Asks: 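Have a look at this one.
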Protein chains: 2
Amino acid sequence: MYSQAEENYLKTIYTLEKDFGNEVSTNLIAGKIKTKASSVTDMLKKLANKELVVYKKYQGVYLTELGRLSALKVIRKHRLWECFLVQKLQFNWDEVHDIAEQLEHVKSEALINKLDAFLKFPKLDPHGDPIPDAHGRTILNKSVSISDMKIGAAGVFVGVRDSSSTFLKYLNKKNLALGDKIKVIDIEPFDSSYHIETKTHRLVITSNVAENLYLKNVK
Amino acid sequence: MYSQAEENYLKTIYTLEKDFGNEVSTNLIAGKIKTKASSVTDMLKKLANKELVVYKKYQGVYLTELGRLSALKVIRKHRLWECFLVQKLQFNWDEVHDIAEQLEHVKSEALINKLDAFLKFPKLDPHGDPIPDAHGRTILNKSVSISDMKIGAAGVFVGVRDSSSTFLKYLNKKNLALGDKIKVIDIEPFDSSYHIETKTHRLVITSNVAENLYLKNVK
DNA sequence: ATATTATTTTAGGTTTGTCTAAATTTTAAG
DNA sequence: CTTAAAATTTAGACAAACCTAAAATAATAT
Ligand SMILES: [Mn+2]
Ligand SMILES: [Mn+2]
Ligand SMILES: [Mn+2]
Ligand SMILES: [Mn+2]
């Protein structure tokens with residue numbers, strides 16, 4: 001269907017649309033995909049020709065419905081493979097992203113649907129991100145970033161914004177894992193660092209880290 | 001490490017060396033890989049530069065030790081993935097080859113070794129072909145082609161020469177599966193077709209088919 | 001031994017996806 | 001409103017892997 005490069009652009013545009021609003025800029029894509037702006041421009045024209053994005057010169061792009069569904073298919077594959085790697089092959093959650101980046105490009109509808117069944121149709125990947133079903137639909141699990149919480153508030157750690165290996169290894173070291181109950185003990189006014197508490201320990205995290213931790217059932 | 005194209009050439013040269021002797025010709029490779037002889041020549045030079053093959057103009061190639069080990073790694077991955085697809089995802093043996101052709105190029109030592117463990121270190125793939133271990137070693141299971149058997153001889157069906165989907169679907173239709181006991185009832189002198197018998201039925205196969213069926217414990 | 005045929009290699013292109021450097025357009029500042 | 005800076009696009013190249021057509025070499029047949 002689409003080439004690996006095309007699939008990577010679709011996926012990237014999709015997540016950038018979610019993170020920053022629609023109308024994703026050339027430079028933003030170049031940054032995420034670690035390529036040069038001129039290469040991005042080339043690819044955007046190609047994607048526009050295939051009706052996967054709407055592209056107006058100097059104006060950035062946004063996905064068409066076809067583009068959105070195609071992006072969701074790649075994301076579905078990525079996240080299902082991550083589940084497989086963690087649940088079946090005993091990988092740690094910080095080791096699976098790069099492998100899934102390769103596996104997500106394997107072309108076979110039958111494969112991914114059988115994998116889905118084998119994993120018992122998981123709804124979330126090892127990083128707490130929702131897995132689209134075969135039609136591109138996901139459950140919506142609304143969560144709140146710690147950086148938006150007030151002193152005294154608590155919730156269950158259910159997701160990360162940044163699922164890079166570096167960040168996940170940091171969380172491992174600090175003994176923070178999905179499912180942990182986390183409470184905000186104090187917020188330092190000077191640098192907005194957060195003092196948080198889990199069942200087992202207390203620690204201080206920078207506002208940068210706080211932004212990257214999502215909790216649900218916050219109260 | 002090596003590109004997909006390079007890996008495919010290595011694998012192809014390896015199997016051609018096995019099937020016909022060493023010194024594999026340009027045209028033979030072109031035929032297997034469905035590409036043109038001129039493209040093969042280009043690639044052989046590239047592989048020779050990387051010391052994966054020994055190449056002398058107009059003389060064909062053969063794998064170096066490095067080339068042989070690299071080829072075995074790709075074959076190991078291919079066959080382990082085929083096992084996974086059949087044993088865990090319930091694919092039929094005639095559906096897995098093309099998917100494994102893609103999966104075999106995923107780069108991660110950890111992945112393939114964990115997959116090996118998950119599958120309990122299988123020694124044979126779904127087509128009866130031996131799976132190299134992490135060091136490139138395989139069990140040797142000597143078997144005999146039906147086309148080399150005499151009337152009255154019998155054995156256990158353990159492998160196929162051609163594992164194309166077309167041939168495997170033919171075997172499905174004829175109700176022949178790995179593990180079946182097969183006996184040669186008669187050989188037609190006119191066209192060398194074979195009358196064979198399993199526990200459940202009798203059938204006639206052409207000499208072409210007979211060449212593609214391997215039995216062990218023949219007596 | 002020579003001529004014919006088959007095989008292999010070379011020469012020159014194409015496509016995909018990338019790059020650098022230069023030109024253009026947009027945005028931000030004064 | 002005009003200019004400087006930042007973002008984006010164009011122009012021209014490049015590497016990988018493929019192609020066709022032509023040239024070179026090897027194998028075969030007379
Ligand atoms: Mn990931
Ligand atoms: Mn993930
Ligand atoms: Mn196969
Ligand atoms: Mn096989």
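Predicted, not measured: the structure shown is a model, and the values here were computed from it. Residue numbers start from 1 in every chain, and the chains themselves are labelled A, B, ... in the order their sequence lines are given, proteins ahead of strands.
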Asks: Going by an N to O cut-off under 4.0 Å, is there a salt bridge joining B/Arg68 and B/Glu65?
Replies: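 Salt bridge: yes.
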
Asks: Of all the heavy-atom pairs spanning B/Leu119 and B/Cys83, show the shortest one and how long it is.
Replies: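 Heavy-atom minimum between the residues: CD1-CB, 3.9 Å.
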
Asks: Check the distance between C/dG17's C1' and A/His105's NE2 and give it to me in whole angstrom.
Replies: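 Going from A/His105 (NE2) to C/dG17 (C1'), I get 14 Å.
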
Asks: At a cut-off of 3.5 Å, list every protein nitrogen or oxygen paired with a nitrogen or oxygen from nucleotides 2-4 of chain C, distance to 0.1 Å.
Replies:
none

Asks: Who are the ring-ring contact (aromatic ring centres under 6.0 Å, His included) partners of B/His97, not counting sequence neighbours?
Replies: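 Residues passing ring-ring contact (aromatic ring centres under 6.0 Å, His included) with B/His97: B/His78.
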
Asks: Can you pull the salt bridge (charged side-chain N to carboxylate O under 4.0 Å, His left out) pairs that have at least one residue in residues 41-57 of chain B, sequence neighbours excluded?
Replies: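 Every salt bridge (charged side-chain N to carboxylate O under 4.0 Å, His left out) pair that includes a residue of residues 41-57 of chain B, provided the two are not neighbours, is B/Glu6-B/Lys50.
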
Asks: List the residues meeting ring-ring contact (aromatic ring centres under 6.0 Å, His included) with B/Tyr9, not counting sequence neighbours, and say none if there are none.
Replies: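 Applying ring-ring contact (aromatic ring centres under 6.0 Å, His included) to B/Tyr9 gives none.
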
Asks: Are the side chain of A/Tyr214 and the backbone of A/Ile146 linked by a donor-acceptor contact shorter than 3.5 Å?
Replies: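 No, A/Tyr214 side chain to A/Ile146 backbone: no donor-acceptor pair under 3.5 Å.
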
Asks: Name all residues meeting the ring-ring contact (aromatic ring centres under 6.0 Å, His included) criterion together with A/Phe84; count only those two or more places apart in sequence or in a different chain, and write none if there are none.
Replies: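 Result, ring-ring contact (aromatic ring centres under 6.0 Å, His included) vs A/Phe84: A/Trp81, B/Phe84.
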
Asks: What side-chain donor-acceptor pairs closer than 3.5 Å can you find for residues 29-40 of chain A, not counting sequence neighbours?
Replies:
none

Asks: When you measure from the side-chain N and O atoms of A/Ser38 to the phosphate of C/dT20, is any distance below 4.0 Å, counting only OP1 and OP2?
Replies: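 No.
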
Asks: So where does chain B start and stop touching DNA chain D, 5' to 3', when the test is distance under 4.0 Å to a non-hydrogen atom?
Replies: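 That gives a stretch of D/dA16 to D/dA26.
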
Asks: Would you call B/Asp133 and B/Lys123 a salt bridge, taking side-chain N to carboxylate O under 4.0 Å as the test?
Replies: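 Not counted as a salt bridge, because no side-chain N and carboxylate O are separated by less than 4.0 Å.
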
Asks: Enumerate the residues from residues 2-31 of chain A whose closest heavy atom to DNA chain D is under 4.0 Å, giving them by residue number; use none for an empty result.
Replies: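 The stretch gives A/Ser25, A/Thr26, A/Asn27 as the residues lying under 4.0 Å from the strand, ordered by number.
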
Asks: A/Met43 side chain: which of C/dC19, C/dT10, C/dT18 is closest?
Replies: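 The nucleotide sitting nearest to the side chain is C/dT18.
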
Asks: Quick one: list whatever passes side chain to side chain donor-acceptor pair (under 3.5 Å) with B/Asp98, sequence neighbours left out.
Replies: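 By the side chain to side chain donor-acceptor pair (under 3.5 Å) rule, B/Asp98 matches no residue at all.
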
Asks: Side chains of B/Ser193 and B/Asp191: is there a donor and an acceptor less than 3.5 Å apart?
Replies: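 Distance-only check passes for B/Ser193 and B/Asp191.
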
Asks: Quick one: closest heavy-atom pair of A/Lys169 and A/Asp94, and the distance?
Replies: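 Shortest heavy-atom separation between A/Lys169 and A/Asp94 comes out as NZ-OD2, 2.6 Å.
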
Asks: Restricting to pairs with a member in residues 99-108 of chain A, which pass salt bridge (charged side-chain N to carboxylate O under 4.0 Å, His left out), not counting sequence neighbours?
Replies: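 Applying salt bridge (charged side-chain N to carboxylate O under 4.0 Å, His left out) to every pair that reaches into residues 99-108 of chain A, excluding sequence neighbours, yields A/Glu7-A/Lys107, A/Lys11-A/Glu101, A/Lys11-A/Glu104.
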
Asks: When the C1' atoms of the five terminal pairs at each end define the local axes, what inter-axis angle does the helix from C/dA1-D/dT30 to C/dG30-D/dC1 show, to 10 degrees?
Replies: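 What I find for the helix from C/dA1-D/dT30 to C/dG30-D/dC1 is an axis angle of 10°.
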
Asks: Which of residues 45-59 of chain B have a heavy atom under 4.0 Å from DNA chain D?
Replies: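 Here the set is B/Lys46, B/Tyr58.
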
